[in-house]
Protein chains: 2
Amino acid sequence: MSGQPSCLVQNLSHYIDLTDHDRELLATLERSPRDYSEATEIHSGGDRNRDLYVVKQGWLFSYTDLPDGRRQIVKIHHPGDVIGFPDIAMKHMTTNLRSVEPVTLCPFPKSALETIFTSSPRLSALMLSIALRDQVVFIDLLRVMGRMSAMERVSHFVLDLLARLRITNKDMTDTFRLPLNQSQIADYLGLTNVYISKTFKRLQDDGMLSRDGQQITLTREEELKELVDFEDRYIEMDTSWFPGG
Amino acid sequence: MSGQPSCLVQNLSHYIDLTDHDRELLATLERSPRDYSEATEIHSGGDRNRDLYVVKQGWLFSYTDLPDGRRQIVKIHHPGDVIGFPDIAMKHMTTNLRSVEPVTLCPFPKSALETIFTSSPRLSALMLSIALRDQVVFIDLLRVMGRMSAMERVSHFVLDLLARLRITNKDMTDTFRLPLNQSQIADYLGLTNVYISKTFKRLQDDGMLSRDGQQITLTREEELKELVDFEDRYIEMDTSWFPGG
DNA sequence: CGCCTTCTTGAATATTATCAAAGAACGTGG
DNA sequence: CCACGTTCTTTGATAATATTCAAGAAGGCG
């Protein structure tokens, strides 16, 4: 193995201890990393379904458009994330993938999953768990979109981002960089860019958060969590039932 | 095996040919059916995570409440569905489960899944695919909730139900029974019962559908599909990569 | 028949969208 | 290092969509 650690190994190590066998397996699956510049369309819905990606660097998002141009961003991807899991069940990609800033991705073929599933029960269980955990996260988001006001949606949004960033960065404080513009946030939360602006201002006036360029600080995180009944699904994941290494 | 065909087998057979071994394996999951009367709380969010269920008969739904009483129904369950998949990754149940009408469920322990996963790669792949397909369905729903009007939401809702009912009932026409009341539909679509009533009336006035008690008929299904850019994820599933029987 | 739940309808209200324009921020090239 | 163009954000006025509240109608069930 090279001196540079595999993206996938780095990511999955956050959840369980990987055996040497697992590490080697993952290393062989991974293709060489590839860079994309900012605001680049990496794949489109309807494309024949080939690769999954692990994010090595930078933020991206998956989205779908309606025929009349309305857009829904369905997932924001950070370093360490696996992109494309749900599409495994489909013949074609169901979403478009776009970089927010310059990114580095490690593609690996669908077939790699087969290898994992046949040769490492422990890794299989982890992959499945991550997919199911994501489903719970979608369900939480559905609740947000279905029943929460703009104020609550934005609050949930920043709390969720922070919780996710804390998976890979243990000593993350209450401040983080948010490289999305307000139109993108609007497309994620089902609102308009104008209303995102107004809502952020209100949250700031209420002293819940402060902004400085792309930096966001949650000054009253606990209060925000209570406001939106926030549950951290990233911490809560159950790996206790996994087969041994 | 009994003369009565298992609805799980019926459901799964839609996707792949099941071997006798697979059928027997699945039959064990449905060994201990249990009845619940209508409007019964079957389990609650936060419960220690025990059983999954196969629906043998009747409709149910999974939902979550906000602290102030707002409710979001996140999934409607039909005969043949497996309930509780996403919770496998969590230590506790994340949603509440409630019957709409009298139902028959077959509870089975998480450990039964292990049996499947160790003894039938083909069934395992199918289970995983269904979980991932569900995730795609949630993503579609997110798009509906984030970017669509009440008219479009209701349209998508009835189209989705019909597509699902057609999995287990091939000769389903454009008419089906909808045992949910308008408050429940509202809680599913993130609207109010009043507005559901008004929206159904408008759809009826526009000649898109007709109602007779609980019976709904989609008189212009193709037009509705175009209106909401509907994709049938239940038909589209990719089973080509599965290991052999 | 009478009671209960659900559905319908209308009026008033709230929330968010749309439109338009001005102000900030930022990178680029002169 | 400044001027310019571009994109992003802010703000205000107006409009659309959905909610709330309230009351009456319809339907099922004992």
Side-chain angles (χ1 to χ4, degrees), chain A residues 37-40 59 66 68-73 98-102 144-158 177-205 209-216 227, chain B residues 37-40 59 66 68-73 98-102 144-157 177-206 209-216 227:
Chain A
S37 57
E38 73 174 299
T40 304
W59 288 36
L66 308 213
D68 68 353
R70 284 174 285 182
R71 172 165 299 182
Q72 180 67 45
I73 293 178
R98 192 181 175 83
S99 63
V100 170
E101 46 186 357
V144 170
M145 305 282 283
R147 285 303 183 203
M148 291 192 186
S149 69
M151 206 67 157
E152 292 165 319
R153 291 191 206 187
V154 172
S155 302
H156 186 277
F157 171 68
V158 291
R177 189 180 62 93
L178 176 55
L180 301 169
N181 68 37
Q182 295 184 347
S183 295
Q184 291 163 339
I185 299 171
D187 286 338
Y188 182 71
L189 293 177
L191 299 164
T192 60
N193 57 348
V194 173
Y195 211 65
I196 294 292
S197 173
K198 289 175 179 171
T199 304
F200 261 120
K201 183 172 187 312
R202 273 179 61 198
L203 281 168
Q204 203 166 11
D205 291 349
L209 54 78
S210 65
R211 291 176 293 167
D212 179 19
Q214 293 193 333
Q215 297 292 323
I216 301 275
L227 174 68
Chain B
S37 57
E38 72 173 300
T40 305
W59 288 35
L66 309 212
D68 69 352
R70 284 174 285 182
R71 173 166 298 184
Q72 179 68 45
I73 293 179
R98 193 180 175 83
S99 63
V100 170
E101 45 186 357
V144 170
M145 305 282 283
R147 286 302 184 205
M148 290 192 186
S149 69
M151 222 32 178
E152 293 165 318
R153 290 190 208 189
V154 172
S155 303
H156 186 279
F157 170 69
R177 190 181 60 94
L178 176 56
L180 301 170
N181 67 35
Q182 294 184 347
S183 294
Q184 290 164 339
I185 298 172
D187 286 338
Y188 182 72
L189 293 177
L191 298 165
T192 59
N193 57 348
V194 173
Y195 211 64
I196 294 293
S197 172
K198 289 174 178 171
T199 304
F200 261 119
K201 183 172 187 311
R202 274 180 61 199
L203 282 168
Q204 202 168 12
D205 291 348
D206 293 358
L209 55 78
S210 65
R211 291 177 292 167
D212 179 19
Q214 292 192 334
Q215 297 292 322
I216 302 275
L227 174 69

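So that the names make sense, note that chain A is the first sequence line, chain B the second, and so on, each numbered from 1.
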Counting distance only, does the side-chain N/O of [X] pair as donor-acceptor with the main-chain N or O of [Y] below 3.5 Å?
{"X": "A:Q214", "Y": "A:R177", "result": "no"}
{"X": "A:Q204", "Y": "A:L209", "result": "no"}
{"X": "B:S99", "Y": "B:S37", "result": "yes"}

Under 4.0 Å, counting only non-hydrogen atoms across every strand here, what does B:R211 touch: a base, just sugar-phosphate, or nothing?
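Sugar-phosphate, no base atom in range.
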
Any A:S197 side-chain N or O less than 4.0 Å from OP1/OP2 of D:dT10:
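Yes, A:S197 has a side-chain N/O under 4.0 Å of OP1/OP2 on D:dT10.
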
So do A:M151 and A:L203 actually touch side chain to side chain, heavy atoms under 4.5 Å?
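Heavy-atom side-chain distance check passes, below 4.5 Å.
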
Let me know the distance between CD of B:E38 and P of D:dG28, rounded to the nearest Å.
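Checked: the CD to P distance equals 14 Å.
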
For atom NZ of B:K201 and atom C1' of D:dA26, their distance in whole Å
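About 15 Å, once rounded to whole Å.
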
Taking any atom under 4.0 angstrom from a heavy atom of chain B, which nucleotides of DNA chain C are the first and last to qualify, 5' to 3'?
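Contact span on the strand: C:dT6 to C:dA11.
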
Sequence neighbours excluded, which residues qualify as salt bridge (Lys or Arg N to Asp or Glu O under 4.0 Å) partners of A:E38?
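Salt bridge (Lys or Arg N to Asp or Glu O under 4.0 Å) check on A:E38 returns nothing, list empty.
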
What residues form a salt bridge (Lys or Arg N to Asp or Glu O under 4.0 Å) with B:K201, not counting sequence neighbours?
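Only B:D205 meet the salt bridge (Lys or Arg N to Asp or Glu O under 4.0 Å) criterion with B:K201.
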
To the nearest 10 degrees, how far apart in direction are the end axes of the helix from C:dC1-D:dG30 to C:dG30-D:dC1, each fit to five base pairs?
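The helix from C:dC1-D:dG30 to C:dG30-D:dC1 shows an end-to-end axis angle of 40°.
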
Stepwise side chain to side chain donor-acceptor pair (under 3.5 Å) check, B:E152 with B:S155:
CA-CA 5 Å; B:E152 293 165 318; B:S155 303; over 6 Å; no

To check you understand the geometry: which heavy-atom pair defines the closest contact between B:E101 and B:W59, and what is its length?
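Heavy-atom minimum between the residues: OE2-N, 2.8 Å.
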
Check residues 179-194 of chain B and write down every donor-acceptor pair under 3.5 Å in which the side-chain atom is one partner and the other belongs to a residue at least two apart or another chain.
residue : atom : partner : partner atom : Å
B:N181  : OD1  : B:S183  : N            : 3.0
B:N181  : OD1  : B:Q184  : N            : 2.9
B:Q184  : OE1  : B:N181  : N            : 3.0
B:D187  : OD1  : A:R147  : NH2          : 2.8
B:T192  : OG1  : B:Y195  : N            : 3.3

For nucleotides 17-24 of chain D, just jot down a letter per nucleotide in 5' to 3' order: B, S or -, based on protein non-hydrogen atoms under 4.0 Å.
SBBBB---

Between residues 179-189 of chain B and DNA chain C, which residues have a heavy-atom gap below 4.0 Å?
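B:N181, B:Q182 - these, ordered by number, are the residues of the stretch whose heavy atoms sit under 4.0 Å from the strand.
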
For B:Q215, give me all partners under side-chain hydrogen bond (donor to acceptor under 3.5 Å, both in side chains), at least two apart in sequence or on another chain.
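Checked B:Q215 against side-chain hydrogen bond (donor to acceptor under 3.5 Å, both in side chains); zero matches.
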
For B:S210, side-chain hydrogen bond (donor to acceptor under 3.5 Å, both in side chains) partners two or more places apart:
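Here no residue qualifies.
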
With sequence neighbours excluded, tell me which residues meet side-chain contact (heavy atoms from CB on, under 4.5 Å) with B:D68.
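Testing B:D68 for side-chain contact (heavy atoms from CB on, under 4.5 Å), a comparison that skips the adjacent residues, returns B:L66, B:R70.
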
Find the distance between CZ (A:F157) and OG1 (A:T199) and round it off to the nearest 0.5 Å.
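Going from CZ on A:F157 over to OG1 on A:T199, the span is 12.5 Å.
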
